[in-house]
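Here's the structure we're looking at; comments come further down.
Below, all heavy atoms of this structure are taken into account, side chains as well, without hydrogens, waters or symmetry copies. Keep in mind that this is a model prediction, so the values were computed, not measured. Naming: A, B, ... by sequence-line order, numbering from 1 per chain.
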Amino acid sequence: MSIVDKDQTFMDDALVEPPPPPPPMVELDNSLLLENLNEAQIEAVTQPLESTSRVLAGPGSGKTRVLTCRIAHLLRHTHNEKILAVTFTKKAAGEMQERVQELLTSLQTHEEESKPPPAPSPYDDIDPYDDGAYGAELEEALVVYEGGNAEPLSPLEQRVRGAVSWQMRRVTLGTFHSTCARILRMNREYLNSLSSVVKHSPNNDATLDGNFAIADQAEQLRIVKEILKEREINEKDLKGVKLNTILNVISNCKEEFAQGKNPFRPKGNKPLPETLKVAAQLYDAYREKLISTNQMDFDDLIYLTRELLAENDDVRDRMRQRWSHVLVDEFQDTSLSQLDLVKLLTSNSLFVVGDADQSIYSWRGAHVGMMADFNDHFPDAKTVYLMENYRSTSNIVKAAQKVISSGKTDSIEAEMRQDMKPKREAGPKPRIIACDDDKGEADLVIKKIKQGVEAGEYGKNHEVAIVYRTNAQSRALEESCVQLNVPYVIFGSATSFYKRQEVKDCLCFLRWLANGKDRGSMLRCLEKNAKGIGMGAIAEFESYCNAVLTHYGNNLRGTPQPTPLDLLLSIADRSRIHESSPPADSVLGKRARTHLLAFSTKMNSIYDLALKESVAKVLTHVIDSLDLLALIDKRSKSTSEFEERQENVRELQQASERYTDGRPCLGSANSPTEGSEQEDSELTPLATFLEDIALVTELADASKKDSDEHRFVVCLMTIHTSKGMEFDTVFIVGNEDGTFPTSQALEEGPGSVQLEEEKRLCYVAMTRAKTELIMTWRKAVRIFTPTGVRTTKRHRSQFIDVLVASKPKKGSAQMESGGTKKSSNQRRSGTTNIYGQGTNNIYGQAPPKPSKAVVTERAGTTNIYGNRQGTNSYGQSSKSSPSRSRFTTSRNSQSPATPNRSNPLDRENGYASHTSRRSLSSFARQAQQPTPNKSRRATAQRGGSASAVPSARARQPSKSSPNRSPKPKASALGGGGSVDSSWFFPIGSEVIHAKLGRGIVLPPPPATESNDMPVRVKFSSGDHQVFDARGPELSPAVSR
DNA sequence: AATCGGCTCATTTTT
DNA sequence: TGAGCCGATT
Ligand SMILES: Nc1ncnc2c1ncn2[C@@H]1O[C@H](COP(=O)(O)OP(=O)(O)OP(=O)(O)O)[C@@H](O)[C@H]1O
């Protein structure tokens, strides 16, 4: 105990006691800090230092800005107090870090400039980017990243940087998960006495240690499979319960347990659902396996930390002392357990920011009522509302508002909801475009973007995103990008990169080295990457393991048991285990022995290297000594596949290089860099690398260069991923019922939890747009059925209906007859009754009535609705949109005010700076023209390259169906924000008429009873004609 | 032990 | 459609 305490104190001291004294508190001029804030924002930022505050605010209202300023405010008004800021993703943490840094820099610069030249200060030699005060090791990396433009810093700049660096050291930025991992590792000595750990380690051997690994989904699955196998349960016997479902259920159960409930007890007299039955069967075994292999899953990070803090007063006090101020961004997506954590960590300064309408993670355990409930948990909390929307044009704000206020109206959220005040001009109207199918949609979107770029419609730094509901939707878009030579980047987690075999095959060695008990990695090493070893040899190895462990159990009690890694090593090097152990030869057969010995020899050399050398060197040695490239070659079907895989491996090696800090890979050796006392130094470089991978930190891509910064690139991502971002132009694709909202949500029906979340998701998506918002949908969608591929007709989404619908007329309510007849997808009978079931449906009382007449009448062929082209109004507005990173004044345009910090180990904040992921090789090839992005945040790329290679197969033009869109009455006559034909065919754009050829759209005539969305077109012949914007005759003339 | 081919199932969303 | 899994073959 005393040792522990000492250790902890020591670590804390390292942080609390600065080598240089804190900067003198000068007269603080807060006006500069508050200069760019409105009144409500100022009120939020300047809440008392010791207080609990909740900022409730809609999208684009500057929540993130407020949080940033609040951090700066706290830093400037306290001395050594430290700050914990929790963000939703690591990327958000990175941006936050950058922004705070920029802000502090500009404030500090201002202060320094207005001061007389001071005497030399202790900061003069501190370079904020290298921890240089403590070690010189990082210089190499610095050269790499600042190499191009390393200008000598002026004394002023040095002082500023030093001061800022010092202040930033007081800030810990991270996600709940990364913060928890940190807390757990800091308090590793407590892990095995946590009650739930005790409960799930039947052998009571101290199994968890500070090197615990974070189990990814693959590992979770492996464990479940292993349990099933052990119990001789066939997957098929599970009655259709899928393995992934089991994992999800287990995850939910953990939350329930944490909240003091027992999910496995039947509720009332209802029998337990099958999924829960299965989960109940597996739950204990699953946890035991994790713990006995020294692993935790994502959920454990949260729950065990919560337990740690709840059960150990001393730890809790220490952690509370450590962070005097706690801030949480995106609080609406916080779970109840995370709330508990916040409570446990907070002493008396808490600042949370969120928007109930943007809660989109309830499926992951987020508590939807979190924002509303906040004051129940913190009765003294002060609430500040931010009502102004600075991001989007008012047309976009209005449209989004229309969507969010549709549907359920009796929730607390709905009651609390107030309209935002748009601060920007009206801007171009949001547009809705119908497309034939996915190919048509993708081509249309990409062509429009291409045109925007090439015709100069997009100003400099114009950012464009395409967002979609499901990842699978990216494929068609990618194909179009490749075909049309438009550079793109897929945002999202890098998991697909780490799922690739070749990457896994490399990583399993590193993981096994870091955690000798990691069984999954062990099996992969042996099974896939060791020559001549298969299931048989593995079985023999395991009996050897058991023999030795039995021996330890019988004769060597008190001696720490060897891990499977130790045992493997011992085959070639007996000294790895106790000399009295039974010899391997006695257990292993000849054949197995030969191969295991060979492999063990190699592993020994790898292990020894790991005690001396960097992660990158070890990885290289792994690849070389096991001839992994040859293996990959053998497994590849083509040279291009091999090259791609090889490229992935290289990418991984590159990433690993950044985890070089002079310490050895397994550098437990307590002689890191002299005097290096950063709190993280107890985590080995290898462990840091692996943890970053597990927690989905974006890995480094050194190839990102400044020269890329101003190139145009389209950002592709799911709507979930887009949370918190903003773009000048946003395309939301796949807005058809069954895709978005998902069919599952539709089946739950109007007002259901799921459908409401889909609605919020749509709201989030729409509010990402600053100036231009375009929503597309597909009239036909390809689906996979047992009978093969089929295309199914789809209806535009109910959210679009909301946008298009006019004020409902009383009494016109009517169930949709299913006028879609056979053409509609019979499997989804659920969809029909979303129209006008009872009173609470999304349309209020009067669902739009699909007119039968329309259905039959319009039996025309081919056509898509309105793409627009030609010049339209949006050049004007892009300037007025405040650029996100343009907060600071001063001249950071030329100086690397915020260069990519180079080394993830240099993490005073536990955060590795943003970077991009591996590029799709096909993309890399075709992207010679543009590439990554100017935007600091727009960089990541997902692996999954296979999907980027477009198959050149010809596509059937899908037979266009009669348009069965419900035809809202008199919609264009409605008030502000309603849809008129210009949403489909902008005035001035070029269209093609099936018979009359090309024409130009003129201002429309007033709507009439028979044509409520008229478009007037002028043809080359000089004729003017009026059409129905929703009719089949017109289609947009796609740019040439 | 390694490879090949046929079978099944899939698409929510992510730390 | 196509990726991943299982089992039969060498
Ligand atoms: N007081 C202000 N004056 C001018 N622009 C502002 C102000 N506050 C914020 N902005 C701008 O508004 C935009 C949105 O800000 P921010 O990203 O902080 O909003 P948010 O509330 O976090 O949005 P979301 O909830 O969608 O994540 C940014 O471009 C930001 O620069």
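A:F642 is linked by a ring pair (Phe, Tyr, Trp, His ring centres under 6.0 Å) to nothing, counting only residues two or more places apart in sequence or in another chain.
Nearest to the side chain of A:R475, among B:dT15, C:dG2, B:dT13, sits C:dG2. For A:Q744, taking side-chain heavy atoms from C-beta onward, the closest of the listed nucleotides B:dT14, B:dT3, B:dT11 is B:dT11. Proximity note for A:W363 (side chain, C-beta onward) versus B:dT13, B:dT15, B:dT12: the nearest is B:dT13. Among the nucleotides B:dT15, B:dT13, B:dT3, the one closest to any side-chain atom of A:K634 is B:dT3. Of the candidate nucleotides B:dT15, C:dC5, B:dT12, B:dT12 has the atom lying nearest to any side-chain atom of A:R469.
Contact annotation: A:K242 reaches the phosphate of B:dA10 (side-chain N/O to OP1 or OP2, under 4.0 Å). For the pair A:N471 and B:dT11, the criterion of a side-chain N or O lying under 4.0 Å from OP1 or OP2 is not met. Put simply, A:N244 has no side-chain N or O that comes within less than 4.0 Å of OP1 or OP2 on B:dT12. Regarding contacts with the backbone of B:dT11, every side-chain N or O of A:T742 stays at 4.0 angstrom or more from both OP1 and OP2. Applying the 4.0 Å criterion to OP1 and OP2 of B:dT14, one finds that A:T721 has a side-chain N or O inside that range.
To the nearest angstrom, P of C:dT1 lies 13 Å from CD of A:E479. A:I214 places its CD1 atom 10 Å from the C1' atom of B:dT15, with the value rounded to the nearest Å. Separating the CZ atom of A:R635 from the P atom of C:dA3 is a distance of 18 Å, rounded to the nearest angstrom.
Both A:E758 and A:G536 lie close to DNA chain B; mapped to their nearest nucleotides by heavy-atom distance, the more 5′-ward contact belongs to A:G536. Checking A:A537 against A:F88, the closest nucleotide of DNA chain B that is more toward the 5' end is the one next to A:A537.
Note on A:F176: nothing from the nucleic acid sits closer than 4.0 angstrom, heavy atoms only. Within 4.0 Å of A:I360, counting heavy atoms only, lies no atom of the nucleic acid at all. Residue contacts shown for A:R591 are limited to sugar-phosphate atoms, with no base heavy atom under 4.0 Å away. Using a 4.0 Å heavy-atom criterion, one finds that A:K528 contacts no nucleic acid atom at all. Looking at heavy-atom distances under 4.0 Å, A:T89 makes contact with sugar-phosphate atoms alone, never a base. Here A:Q754 lies in heavy-atom contact (under 4.0 Å) with a base.
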Please list, pair by pair, any protein nitrogen or oxygen found under 3.5 Å from a nitrogen or oxygen in nucleotides 5-7 of chain B.
none

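The separation of C:dG4 from B:dT13, taken at their P atoms, amounts to 15 Å, rounded to a whole angstrom.
Across every non-hydrogen atom of A:S337 and A:E255, the tightest pair is OG-OE1, 3.0 Å.
If you look at A:Y303 and A:F257, their ring centroids are not closer than 6.0 Å. Note: A:F799 and A:F740 meet the aromatic proximity criterion, with ring centroids under 6.0 Å apart.
Note on A:D633 versus A:R645: no salt bridge recorded, every NZ/NE/NH1/NH2 to OD/OE distance being 4.0 Å or above. By the 4.0 Å N-to-carboxylate-O rule, A:E540 lies too far from A:K590 to be salt-bridged with it. At a threshold of 4.0 Å, the pair A:D340-A:R306 counts as salt-bridged, since one of the basic side-chain nitrogens sits closer than that to a carboxylate oxygen.
Within the 4.5 Å cutoff, no side-chain heavy atoms of A:E441 are placed close to those of A:L477.
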